Structure formats: C-alpha cells, structure tokens
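The figures that follow rest on heavy atoms only: side chains count, while hydrogens, waters and symmetry mates do not. As the structure is a prediction and not an experimental result, all values here were calculated from the model. Numbers restart at 1 for each chain; the letters A, B, ... are given by sequence-line order, proteins then strands.
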Number of protein chains: 2
Amino acid sequence: MSELLDTKQKILDAARVLFAAHGFDGTSVRDIANTAEVNVASVNYHFHSKEKLFFSVIDDCYAQSEAEIELLASKYVKLEELSVAIFRYFILNEDLVLNHFKMLTSTHGDLYFSKLVGVDKHSGPPGHQAIVRAIQKEVAGNLSQEDLHWAVTTIYSHIGHTSIINSCFLKHRPEVPFSKMEDLEKFLRRLVNAILIELKSKA
Amino acid sequence: MSELLDTKQKILDAARVLFAAHGFDGTSVRDIANTAEVNVASVNYHFHSKEKLFFSVIDDCYAQSEAEIELLASKYVKLEELSVAIFRYFILNEDLVLNHFKMLTSTHGDLYFSKLVGVDKHSGPPGHQAIVRAIQKEVAGNLSQEDLHWAVTTIYSHIGHTSIINSCFLKHRPEVPFSKMEDLEKFLRRLVNAILIELKSKA
DNA sequence: GTCTATAAATAGATAGAC
DNA sequence: GTCTATCTATTTATAGAC
C-alpha cells in the first residue's frame with residue numbers, strides 16, 4: 001500500500017473515532033492529525049477542508065456498513081435473528097451509528113442525511129432493506145405498504161435508538177436495571193415477536 | 001420582574017434554541033449574547049462559564065418539561081392517548097428533546113445524563129413515570145418488573161426517537177412516505193396497542 | 001449589572017521549502 | 001506528499017471604567 005493511501009486511511013480512521021466521540025465542532029483538525037500521527041497540513045492536503053473530511057468519514061462508514069450488513073442479512077432468514085444481528089453490529093461499530101446520528105442532528109445535517117438514506121429510492125439506512133425483506137418473507141399474508149412501513153420503522157428505530165443509548169449511557173451504567181446486552185437483546189426479540197403477532201393477526 | 005432575571009432568562013432562552021440547533025461546540029457565547037440581545041460579558045457574569053450555562057439550560061428544560069408532562073399525565077388515563085400526548089409535547093418542544101439528546105451524545109454527557117434521569121431513584125426522563133403508571137393501570141393482571149420495563153422503555157424509546165427524527169429530518173422532507181404527523185401518531189398508537197396485547201396475553 | 005477593551009488560547013487554512 | 005511556519009479569524013474569559 002502506498003504512503004498516500006496509508007496517510008488518507010489513518011486520517012479517516014482517527015477522524016471517525018474523534019467525530020463520533022466529540023462531534024464535528026468538538027474535534028479539531030489538529031486533534032485528528034495528532035491521533036492519526038500525521039502532519040497537520042496533510043489533512044487539508046488530502047481532504048481539502050474539515051467539512052469535506054467529515055463527509056468522507058460518513059461516506060466511508062456508510063459504504064462499509066452497507067456491505068457488511070448485507071452480508072449479515074444473507075446469513076439469517078428469521079426476522080428475530082436478523083434484528084439481533086444488526087443490533088449487535090451497531091453495538092460493535094458504535095462510531096458508525098454515532099457519526100450518522102450526530103450528523104443528522106447537526107445543522108443542515110438533514111440535507112446530507114437525505115442523500116445517505118436515499119429518500120428518492122426509498123432504500124433507507126443500512127440494514128433497513130434487509131429487515132423489509134425478512135418481514136415480507138416471514139409474514140405470509142398480504143402486507144400493505146403501511147403495514148410494512150410501520151413494522152420496519154418501528155423495529156429499526158428501536159435498534160438504532162437502543163444502540164445509541166447503550167453506547168452513550170447504558171454501557172457506562174451497569175447498575176441500571178435491564179441494561180446488560182442480554183437484556184437489551186431479549187427486549188428487542190420481544191418487540192419483534194409482538195410486531196409479528198400483530199401483523200399476522202391482520203393478515 | 002427585575003432586570004437581572006430578565007437578562008438571565010433572555011440568555012437561557014437564546015441558549016436553549018442555539019444549543020439545540022448547533023450543539024455545545026457549534027454555538028459561541030457571542031452568538032447567544034447577540035440572539036438574546038444582551039452584552040457579551042453578561043453571559044459569563046450570570047453563568048460563570050459557557051459550560052455552566054449549558055448545564056443551566058438542561059436543568060431549565062428538565063424542570064419545565066417534567067412539570068408540564070406531569071400536568072399532561074393527569075389529563076389522560078388511556079396509555080394510548082397519554083403516549084400520543086407526550087409525543088406531541090416533544091414535537092412542540094423540540095429544543096428540549098434535542099438538547100437532552102445532544103447532551104447525552106456529547107463527551108461525558110452520560111455523567112450529567114445520569115443525574116437527570118435519576119438512575120438511583122429509577123425515575124427516568126420526563127414522562128417516563130407517567131407511562132409506567134398508565135401501563136400498570138391498563139393491564140389488570142400481574143406485571144413483573146421485566147414486563148413493565150420492557151413496555152415502558154419500548155414505548156418511550158419510540159416516542160423519543162421519532163421526535164428526534166421528525167425534528168431533524170422528516171419535517172423537512174414531506175415527500176418521505178408516512179412522514180406526516182398523523183401517520184407518525186397512527187404508528188405510535190399501533191405500537192402501543194401491540195404492546196398492550198402482548199402484555200395482556202401473558203397476564 | 002452593564003459596558004468596552006483586551007488578554008490568551010485555539011481554530012481552519014495555506015504558503016513555500018524540501 | 002510531507003514538513004515548518006504563519007496568517008487570519010474566532011474563541012472563552014476577564015479586567016476595569018461607569
């Protein structure tokens with residue numbers, strides 16, 4: 001690997017961690033360069049500006065997670081197991097979720113987020129489509145667009161929200177009741193099954 | 001009202017909006033002073049530091065929302081209606097939710113968040129206890145601590161997450177399917193009922 | 001309590017040597 | 001492509017007059 005790619009990747013790796021931990025405005029280019037053990041000037045040389053580096057980080061996270069979650073999806077047929085697998089993936093790759101979420105909640109983040117989630121294609125964030133397919137496979141009867149949308153956004157919201165709460169809070173507070181990973185997973189499974197029962201009762 | 005309280009409150013009001021929109025690091029004391037139409041130096045005079053102002057904003061939001069949600073809770077007995085009422089409150093007071101959430105996802109935010117949600121007292125964030133009471137009232141049979149915790153965290157997570165997504169994204173993207181408030185409320189009602197059915201089936 | 005002025009530190013970005 | 005040095009702007013915080 002050339003030195004060019006090496007430096008670029010070191011910057012991307014350091015930036016992903018620091019942006020996730022301290023946000024865009026809370027992270028300086030100097031922090032990133034120091035963590036990446038590269039020269040300060042190389043950041044702007046390779047990424048032109050701090051903002052473009054941030055977007056590169058998001059793109060990097062998105063491309064990586066989309067590929068990895070599609071791989072996950074191919075291994076699970078049951079919605080319950082797929083949901084837990086995606087949840088575990090989010091927990092193990094918390095930088096990814098936190099960066100996406102902090103970008104969304106930052107100024108004008110919704111503009112960039114629109115591009116990411118592919119509103120026009122209705123493809124949604126990473127893992128979204130895999131959950132859609134699993135629901136359609138599991139519930140034999142006719143599902144309206146509304147049924148499907150309700151189920152997938154409810155499950156996906158729960159996975160995303162719980163990942164964030166765990167990464168930022170629960171994992172530092174083991175004394176909170178039902179905050180262990182096994183409890184969080186059990187609760188997710190319970191929600192998935194409650195939703196499946198509701199869908200099947202209508203079909 | 002004295003000039004002192006007037007200035008303090010003007011600063012708190014401006015800071016709440018700006019911190020929610022741009023985050024702690026993305027907001028300067030000068031921005032706040034300009035928006036509040038007060039002198040720059042008065043911010044540190046009244047709040048000692050930017051960080052202490054931030055915590056004051058959070059305390060302010062918390063105290064206000066806790067009182068107002070308790071008032072809401074006294075007006076609704078049905079869990080479904082209470083949940084929708086809390087959701088609407090969060091939508092109408094988005095600064096509050098966004099500030100709490102950004103604080104949580106900021107560096108060391110979990111320390112302060114612990115204080116807010118009252119881990120020791122297990123009281124949870126604003127509206128949490130009201131939902132607990134509504135569930136207990138609605139489901140006649142014996143509910144274990146686990147049943148109750150699952151139901152309340154699932155409902156509350158959904159309300160919180162949907163509020164954030166709506167404030168930051170959906171309300172700017174009306175073309176996204178099922179993103180209108182009436183759809184979001186319908187989906188919330190459907191989740192609440194699915195959870196109640198699950199709880200009653202076990203009781 | 002409010003103001004101006006300023007201290008002291010840090011930010012993003014770039015010029016120019018190598 | 002990498003480095004040092006630096007420019008310009010902005011930040012938080014405070015000192016001191018009123």
Side-chain angles (χ1 to χ4, degrees), chain A residues 1-60 99 102-103 105-109 111-112, chain B residues 1-60 99 102-103 105-109 111-112:
Chain A
M1 197 66 79
S2 74
E3 194 65 29
L4 162 68
L5 286 178
D6 212 28
T7 297
K8 275 193 86 164
Q9 197 57 51
K10 280 198 285 186
I11 293 171
L12 277 173
D13 291 341
R16 186 178 62 245
V17 174
L18 292 174
F19 281 144
H22 312 116
F24 179 78
D25 294 297
T27 305
S28 75
V29 174
R30 279 170 177 79
D31 290 339
I32 296 169
N34 289 340
T35 304
E37 294 178 314
V38 300
N39 188 272
V40 198
S42 66
V43 175
N44 271 2
Y45 174 79
H46 286 290
F47 294 94
H48 189 69
S49 72
K50 183 189 177 183
E51 192 179 38
K52 285 180 181 164
L53 167 60
F54 184 62
F55 289 153
S56 296
V57 167
I58 302 291
D59 284 337
D60 200 45
N99 272 323
K102 285 184 179 177
M103 188 212 51
T105 59
S106 68
T107 316
H108 296 131
L111 291 177
Y112 193 75
Chain B
M1 196 67 76
S2 72
E3 194 64 30
L4 162 69
L5 287 178
D6 213 27
T7 297
K8 274 193 86 164
Q9 196 58 50
K10 280 199 285 186
I11 293 170
L12 277 173
D13 290 342
R16 186 179 61 245
V17 175
L18 292 174
F19 281 145
H22 311 117
F24 179 79
D25 294 296
T27 306
S28 75
V29 174
R30 277 170 178 77
D31 290 339
I32 295 168
N34 289 339
T35 304
E37 295 178 313
V38 300
N39 189 271
V40 199
S42 65
V43 175
N44 271 2
Y45 174 78
H46 286 291
F47 294 94
H48 188 69
S49 73
K50 182 188 178 185
E51 193 179 36
K52 284 180 181 163
L53 167 61
F54 183 62
F55 288 154
S56 296
V57 168
I58 302 291
D59 283 338
D60 200 45
N99 270 324
K102 285 186 177 175
M103 188 212 51
T105 59
S106 68
T107 316
H108 297 131
L111 291 177
Y112 194 74

Protein-nucleotides 9-12 of chain C N/O pairs under 3.5 Å:
from	atom 1	to	atom 2	distance (Å)
C:dA11	OP1	A:S28	OG	3.3
C:dG12	OP1	A:K50	NZ	2.7
C:dG12	OP2	A:V29	N	2.8
C:dG12	N7	A:R30	NH1	2.9
C:dG12	O6	A:R30	NH2	3.0

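Stems are defined here as 3 or more consecutive Watson-Crick or G-U wobble pairs with pairing distances under 3.5 Å; those involving DNA chain D are C:1-10 with D:9-18, C:12-18 with D:1-7.
Rounded to a whole Å, the NE2 atom of A:H48 is 16 Å from the P atom of D:dG1. Atom CZ of B:F54 and atom P of D:dT11 are 18 Å apart (whole Å). One atom, CD of B:E37, and another, P of C:dC3, lie 12 Å apart when rounded to the nearest Å. Distance CD1 (B:I11) to P (D:dA13): 13 Å, rounded to an integer number of Å. Distance CZ (A:F47) to C1' (C:dT14): 18 Å, rounded to an integer number of Å. If you measure from atom OH of B:Y45 to atom P of D:dC18, you get 19 Å, rounded to the nearest angstrom.
With a 6.0 Å cutoff to the six-membered ring centre and a 45° limit on the axis angle, A:K102 does not count as a cation-pi contact of A:F24.
Distance from the side chain of B:A41 is smallest to D:dA15 among C:dG1, D:dA15, C:dA15. If you check C:dG1, D:dT4, D:dG1 against the side chain of B:H46, the one that comes closest is C:dG1.
Residues meeting the side chain to side chain donor-acceptor pair (under 3.5 Å) test with A:N39, sequence neighbours left out: none. Taking the side chain to side chain donor-acceptor pair (under 3.5 Å) definition, one finds that A:S42 meets it with nothing, sequence neighbours left out. B:N34 is linked by a side chain to side chain donor-acceptor pair (under 3.5 Å) to nothing, counting only residues two or more places apart in sequence or in another chain. By the side chain to side chain contact (heavy atoms under 4.5 Å, CB included) test, B:S49 pairs with B:E51, B:K52, sequence neighbours left out. The side chain to side chain contact (heavy atoms under 4.5 Å, CB included) search around A:A14 returns A:I32, A:T35, A:A36, not counting sequence neighbours. Take B:N44 and apply the side chain to side chain contact (heavy atoms under 4.5 Å, CB included) test, not counting sequence neighbours, and it matches no residue. Residues satisfying the side chain to side chain donor-acceptor pair (under 3.5 Å) test with A:S106, not counting sequence neighbours, are none.
For B:N39, a side-chain nitrogen or oxygen approaches OP1 or OP2 of C:dT4 to under 4.0 Å. Residue B:T7 places at least one side-chain N or O under 4.0 Å from the OP1 or OP2 atom of C:dT2.
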>> salt bridge (Lys or Arg N to Asp or Glu O under 4.0 Å) for A:D13 and A:K10? Distances and angles first, verdict last.
In response: CA-CA 5 Å; A:D13 291 341; A:K10 280 198 285 186; over 6 Å; no

